[in-house]
Amino acid sequence: MRWLLRGFFSIFFLVLPLVGTKITLDPFGYLGMIYNQGLQRSAHSYVGFDARVGTNFSFNNGWAFGIGAIGAWNVYSRNKKFQPIVSIGNVLGSAESNMRPYLSMGDISDAYVKYDTKRLKFAIGRFNSNFVGFDWIQGNIQGASLFIHRNDFRYWGIFMDSMLYNGYQGNDLQGARIATGINALASYDPVSKKKYVGGEVVAFGMGYEHKGFSVAPFILIDSKLPLPTRGVLFQVGGKFQYQASLPKGFKSFTILHGIYQHGDTDAIVGNNEAGLFMIDQTFLYKIFNFGLGFYAVPAPNKKGYFWSFNDKTKFYGRGINSIGVPAIYFANATMTGYVFGGMKTKRVRIDAMIAWGDYQEYSLMTNYKIWNYKEMTLDAGIGYVYSYSSKAVSNIGNSSLVLFTKFSY
């Protein structure tokens, strides 16, 4: 953390003489509460509060810097594995064996310098990496990112030393998974890094988009998997997407992922090859979305995982029932099909899914915008998620009834 803060302030003072005199302050933050009640035998239940506050200082020539903090409070836990553990910069190293929501902890969530223009974006420090647009690393990371956009091409790179894990799962078509951003918290500290990231992660890639077609290859390397064998993780693959306008106002999005992976994700020597094949077909019509998909995680030993720090799937099994890295639905040798639907208006959003195969999910999540004024919003919702994998065990439970509310600005 010291090197991060030293680098942050060094870069800030270097660029300060170069920036314009006009400064715009953009405060950001939220206060959320979630109640997660298990409905299976020996059911879990917990209540957690999550708060975040920060400010982005932007200049009139693209430069910006920001600072922010985040904290979570375990109000109530039925299961002992959810008892509060304070972790601020790894105060209690013993938390490694007990990384479950809802831990009481806090950290500096944002401390960054950023340059943001239409063609060039980069950031260093602790920042939200979503501007890169990479499916498998999202949310706040500790490190650096670069994004270049020129005509139909885009180029990007990410260096990630650690990540802020709060359960967030994004999706470009339906929207971020409802309530997942307030269902957990693991800070950047060495305990969380060792649990979720392992070593140093480098990822880079490019994209090309033209007349509805887009292709985006990438390479990702993690120098040390967070497992007993601690081997190197290597992934190479890409994403293909075709967007088309159909009669009667329908829109079609066909998305195909193909990834090869080499890494000892099962902590057993040998048979380290794995991968991911996924196809998703989404239709949009006015306020409605619906579609179907299929994916497979091939592996010769039928153990281990396709390793993903985040993902843009439509599943809720990771964000609600099995928090962490990797995702329960990406266990090796998994083959699953699914259908989904949803709607989104100015006030109401609904996501629904049925998945069958080696991974099963039945989910219905809702969000209602109670109040909105300028940048301030008060949301509330209720939902149910059942998820089960025949290849892996959920670390919370297979069945959750969720109630939440969130004030954000």
Side-chain angles (χ1 to χ4, degrees), residues 132-138 168-177 180 203 205 207-209 212-220 233-244 251-263 265 273-284 289-300 302-319 321-322 325-342 351-363 385 387-392:
V132 172
F134 184 42
D135 282 39
W136 311 108
I137 296 178
Q138 304 170 68
Y168 171 82
Q169 298 297 122
N171 185 269
D172 294 333
L173 297 177
Q174 283 188 322
R177 307 294 79 196
T180 56
Y208 173 76
E209 184 174 354
F213 290 92
S214 66
V215 59
F218 77 92
I219 294 176
L220 182 147
L233 175 73
F234 173 79
Q235 295 177 345
V236 58
K239 175 182 178 180
F240 171 83
Q241 178 172 311
Y242 176 63
Q243 175 182 346
K251 292 183 179 180
S252 169
F253 295 82
T254 304
I255 301 174
L256 176 66
H257 293 275
I259 302 171
Y260 165 78
Q261 172 180 289
H262 180 85
T265 61
E273 275 67 40
L276 173 69
F277 172 81
M278 173 178 284
I279 183 167
D280 181 280
Q281 175 62 53
T282 299
F283 297 98
L284 303 183
N289 67 84
F290 57 94
L292 71 165
F294 168 83
Y295 74 94
V297 184
K302 299 185 179 181
K303 294 182 179 179
Y305 290 87
F306 167 72
W307 201 269
S308 64
F309 301 98
N310 304 91
D311 63 71
K312 291 186 178 180
T313 67
K314 298 179 174 70
F315 301 120
Y316 276 93
R318 185 208 294 243
N321 285 349
S322 189
V325 176
I328 186 174
Y329 38 77
F330 285 150
N332 283 351
T334 293
M335 297 180 64
T336 290
Y338 59 89
V339 295
F340 62 88
D351 292 342
M353 165 175 280
I354 299 175
W356 65 92
D358 295 314
Y359 173 75
Q360 302 169 20
E361 178 174 314
Y362 309 99
S363 58
V385 177
S387 60
Y388 169 77
S389 170
S390 63
K391 309 292 183 177

Handout entry: Aromatic ring proximity, centroids under 6.0 angstrom, Y338 and F315
Key =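 Centroid separation for F315 and Y338: below 6.0 Å.
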Problem - Ring centroid separation Y362 to W356 under 6.0 Å - result: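 Not under 6.0 Å, so no.
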Problem - Heavy-atom neighbours of I354 CD1 exceed 12 at 6.0 Å - result: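 Counting other residues, nucleotides and ligands, CD1 of I354 stays at 12 neighbours or fewer.
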Could I get the full list of ring-ring contact (aromatic ring centres under 6.0 Å, His included) partners for [X], not counting sequence neighbours?
X	result
Y316	none
F294	none
F277	none

Please tell me if the side chains of [X] and [Y] come closer than 4.5 Å, counting only heavy atoms from C-beta onward.
X	Y	value
F283	K251	no
K391	N332	no
K312	D172	yes
V236	F218	no

Closest non-hydrogen atom pair, [X] against [Y]:
X	Y	value
G275	F306	O-CB, 4.0 Å
G341	Q174	O-NE2, 3.9 Å
N321	S387	ND2-OG, 2.9 Å
F340	L292	CE2-N, 3.4 Å
V297	A331	CB-O, 3.6 Å

Under 3.5 Å, is there a donor-acceptor pair between the [X] and [Y] side chains?
X	Y	value
Q281	T254	yes
S308	R318	yes
E361	Y388	no
T282	K314	yes
D280	Y295	no
T336	D358	no

Parallel, tilted or perpendicular: which fits the ring planes of [X] and [Y], with parallel below 30° and perpendicular above 60°?
X	Y	value
H257	W136	perpendicular
W307	Y305	perpendicular
F213	F240	tilted

